[in-house]
2 protein chains.
Amino acid sequence: MEPTPQTTMSPEGPTLRIRGVNGWFPPFPSSPADQATVPSTDLVQLADISTVRTLAPGQMLYAQDEDATCLFLIRSGIVRISHLTVEGRRHILAFHWQGDLCGLMDEGRYVNSAAALCETEVLAMPRDRLHGLLLTQPLLQNEFLVKAAAELRNTQRMLVTVSGTDAAHRMASFLLECTHHADHYDPATHVVTLFADRRDIADYLGLSGETVSRALGQLEQIGLIRRNSAREIAIEPDALRIYVEH
Amino acid sequence: MEPTPQTTMSPEGPTLRIRGVNGWFPPFPSSPADQATVPSTDLVQLADISTVRTLAPGQMLYAQDEDATCLFLIRSGIVRISHLTVEGRRHILAFHWQGDLCGLMDEGRYVNSAAALCETEVLAMPRDRLHGLLLTQPLLQNEFLVKAAAELRNTQRMLVTVSGTDAAHRMASFLLECTHHADHYDPATHVVTLFADRRDIADYLGLSGETVSRALGQLEQIGLIRRNSAREIAIEPDALRIYVEH
DNA sequence: CGGACGTTTGAATGGACTCAACGCACGTGG
DNA sequence: CCACGTGCGTTGAGTCCATTCAAACGTCCG
């Protein structure tokens with residue numbers, strides 16, 4: 001490819017995401033009106049510089065340490081963001097949904113890996129062209145800023161949860177989180193359909209797969225959930241909410 | 001130019017200086033030139049909408065759940081960002097330094113609390129006026145986006161560290177982190193001057209104060225550090241780096 | 001010299017981990 | 001239709017690490 005003029009030590013971009021579902025929040029919005037006003041022309045131009053990619057279940061979107069060329073905006077599906085430590089431990093930092101951004105990079109390389117959990121469509125936005133576009137479209141850039149702040153907020157919450165509560169409480173939090181995704185929760189029957197296997201949930205909550213099982217058993221014994229099958233969990237939303245808040 | 005007395009945005013306070021220390025990075029810099037190019041007019045305008053506040057050691061900058069009116073840019077000193085859970089557990093999410101932003105909010109209220117650890121100067125930027133300014137100054141907004149991404153990256157790193165390693169390794173990471181702050185590390189003698197007490201370090205690393213002590217003892221026994229006093233730690237930087245990477 | 005506070009150290013408890021076996025659902029082939 | 005294999009989930013036993021409660025130690029300041 002073309003040699004980058006001078007790369008210097010200038011690193012790169014961020015991962016950003018907003019989870020449209022659950023009442024996320026703008027970080028610096030002066031008024032609700034303002035925040036809604038991303039002109040459709042901006043979006044058209046965003047589409048102009050981007051390409052659409054479709055991922056099969058399990059397919060990797062990008063890999064940790066790989067040269068970062070694009071940021072990604074998720075149009076549908078679920079993306080799992082994971083990080084591998086030098087000791088070989090895998091951490092899942094987030095699950096991303098429609099409307100979320102991903103592709104956080106440092107020094108021109110992706111910091112984490114991203115893979116689709118199910119059939120997933122993303123918008124691939126070349127880094128350079130996106131940067132140029134953001135500088136000419138302040139409202140669009142503001143949208144990105146909002147998403148970044150939302151993602152930061154999410155990661156902070158995760159940090160507090162993981163380092164502050166025991167296995168059962170983390171599992172309860174996770175189940176309530178699942179509740180916000182329409183495709184995986186039936187409000188009528190209160191049944192959650194888990195979109196990740198035990199190993200993924202464990203790596204997300206900072207536990208082992210066995211402990212996730214035991215935590216589910218514990219919650220079931222207290223009567224907060226009932227396991228219809230490994231992936232189908234009937235929950236008591238209100239009781240669960242009270243439980244996580246101790 | 002009107003002589004705002006103290007608001008001399010000139011000395012180190014002027015540019016939104018990217019925290020050079022520990023792996024900070026711009027997100028979408030197309031070229032090194034671009035990233036440096038926050039026009040000084042932007043900074044003047046930023047100063048115009050802001051006021052300077054000076055905090056005494058221990059003084060609170062803002063409190064969790066309080067109405068959020070301002071974002072803050074730190075000009076000097078150290079700010080401790082903490083979050084209190086409903087169960088009464090306190091988590092320290094970050095220590096912020098010169099050039100860092102703080103004041104993350106949700107639904108118009110601060111998500112966390114912020115307090116100064118030592119005499120600290122901040123620029124208080126009213127939310128509404130800042131929002132307006134960012135929309136008219138794309139380079140400035142991009143600077144904010146860079147900082148948000150950097151902060152996200154940092155929080156992710158913290159998450160991985162806290163949920164993946166034992167007390168001694170977390171402590172070692174923290175000591176190396178201290179190394180990046182000139183005022184608290186002497187490269188000649190390899191002595192780190194801790195800027196937080198045991199309790200704060202514990203809440204930052206997801207440990208108890210006693211465990212922090214024991215972790216220090218452990219590192220000392222291996223010969224990676226030597227405790228001159230409670231706050232003065234002589235370290236073996238290279239050995240420590242090898243240790244944290246297992 | 002004596003509090004007061006922060007730090008260190010000790011002993012006992014508890015929670016999560018590892019290792020291992022077992023159960024269960026699904027698919028394949030006989 | 002049953003025998004078998006495989007992948008995932010669950011359950012059990014033992015170990016290790018961090019926590020809690022408690023006491024001793026220092027250091028700074030009265």
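Residue numbers begin at 1 in each chain, while the letters A, B, ... track the order of the sequences.
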Trainee: How long is the line joining CD of A/E220 and P of D/dG9, in whole Å?
Mentor: 16 Å

Trainee: Per the atom types in the model, does the base of C/dG15 pair as donor or acceptor with the side chain of A/R214 at under 3.5 Å?
Mentor: no

Trainee: Take atom CD of B/E232 and atom P of D/dT27, then tell me their distance rounded to the nearest Å.
Mentor: 13 Å

Trainee: Donor-acceptor pair, distance only, cut-off 3.5 Å: does the side chain of B/R231 make one with the backbone of B/L194?
Mentor: yes

Trainee: With no angle test and no hydrogens, is the base of D/dC17 tied to the side chain of B/Q218 by a donor-acceptor pair under 3.5 Å?
Mentor: no

Trainee: Quick check against the 3.5 Å criterion: does B/Y62 have a side-chain atom that pairs as donor or acceptor with the backbone of B/A68?
Mentor: no

Trainee: Taking A/E121's backbone N and O only, do any of them form a donor-acceptor pair with A/T54's side chain (distance below 3.5 Å, no angle check)?
Mentor: no

Trainee: Using whole Å, what does the distance between atom C1' of nucleotide C/dT7 and atom CZ of B/R227 come to?
Mentor: 9 Å

Trainee: Write down the distance between CD (A/E210) and P (D/dT15), rounded to a whole number of angstrom.
Mentor: 17 Å

Trainee: OP1 or OP2 of D/dT19 versus the side-chain N and O atoms of B/T211: is any pair under 4.0 Å?
Mentor: yes

Trainee: Can you check whether B/S208 has a side-chain N or O nearer than 4.0 Å to OP1 or OP2 of D/dA18?
Mentor: no

Trainee: Using atom CG of B/L216 as one end and atom P of C/dT8 as the other, report the distance to the nearest whole Å.
Mentor: 6 Å

Trainee: Looking at DNA chain C, which of residues 189-203 of chain A put a heavy atom within less than 4.0 Å of it?
Mentor: none

Trainee: Could you tell me how far apart A/L205 (CG) and C/dC17 (P) are, to the nearest whole angstrom?
Mentor: 10 Å

Trainee: Mind checking whether A/H184 and A/W97 have ring centres under 6.0 Å apart?
Mentor: yes

Trainee: Between P on C/dA25 and CG on A/N228, what's the gap in Å once rounded to a whole number?
Mentor: 13 Å

Trainee: For B/R170 and B/G206, indicate whether the former's side chain and the latter's backbone hold a donor-acceptor pair under 3.5 Å.
Mentor: yes

Trainee: Rounded to whole Å, please give me the gap between CG in B/D166 and C1' in C/dG15.
Mentor: 16 Å

Trainee: Taking the side chain from B/R90 and the backbone from B/S82, do they hold a donor-acceptor pair closer than 3.5 Å?
Mentor: no

Trainee: Where the side chain of B/L207 is concerned, which of C/dC17, D/dA18, C/dT7 is the nearest nucleotide?
Mentor: D/dA18

Trainee: Determine, step by step, whether A/Y204 and A/H91 satisfy the side-chain hydrogen bond (donor to acceptor under 3.5 Å, both in side chains) criterion, reporting the C-alpha distance in whole Å, the side-chain angles of both residues, the deciding distance to 0.1 Å, and the verdict.
Mentor: CA-CA 6 Å; A/Y204 181 56; A/H91 292 263; over 6 Å; no

